[in-house]
Amino acid sequence: MKLVVDGETDKVLGASMCGPDAAEIIQGIAVALKCGATKAQFDSTVGIHPSAAEEFVTMRSVSRRIAAGKPKTNL
């Protein structure tokens with residue numbers, strides 16, 4: 001699972017997922033993206049437990065930043 005977020009505006013630009021029920025989960029995420037959802041809004045959403053979908057609203061740490069077209073891993 002991955003969320004792509006604009007670091008300056010906090011807007012969620014994209015999401016990806018591989019696995020069971022990915023199509024249904026990503027369809028719900030697509031609605032949020034069309035509405036201009038921010039990472040803060042994802043973070044304030046209560047996840048449905050137990051489900052894979054809850055992972056999208058519990059991602060709290062940055063795994064990678066890309067500045068000037070060059071990836072920087074923060075691991």
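Summarising the geometry of Asp10 relative to Ala40, their closest heavy-atom pair is OD2-N, 3.0 Å, with the distance given to 0.1 Å. Between Leu33 and Ala15 the shortest heavy-atom distance is CD1-N, 4.3 Å.
Shown here are the side chain to side chain donor-acceptor pair (under 3.5 Å) partners of Thr38, two or more places apart in sequence or in another chain: Gln41. Partners of Ser16 according to the side-chain contact (heavy atoms from CB on, under 4.5 Å) rule, which considers only residues two or more places apart in sequence or in another chain, are Lys2. Applying the salt bridge (Lys or Arg N to Asp or Glu O under 4.0 Å) test to Asp43 and every residue at least two apart in sequence or in another chain returns Lys39, Arg60. Listed by chain and number, the residues in a side chain to side chain donor-acceptor pair (under 3.5 Å) with Glu55 amount to none (sequence neighbours excluded). With sequence neighbours excluded, the residues satisfying side-chain contact (heavy atoms from CB on, under 4.5 Å) with Ala53 are Ile25, Ser51.
A 4.5 Å side-chain heavy-atom check between Val5 and Phe42 finds every atom pair outside the cut-off.
Cluster partners of Val4, using a side-chain heavy-atom cutoff of under 4.5 Å among ILVMFWY residues and allowing indirect links, are Leu13.
Considering CE of Met17 and CE of Met1, their distance stands at 3.5 Å, rounded to 0.5 Å.
Checked by atom type and distance alone, the side chain of Asp6 pairs as donor or acceptor with a backbone atom of Thr9 at under 3.5 Å.
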Exercise for the section: Test side-chain contact (heavy atoms from CB on, under 4.5 Å) on Ile26 and Phe56 and set out the steps. Expected result: CA-CA 10 Å; Ile26 289 296; Phe56 281 108; 4.2 Å; yes

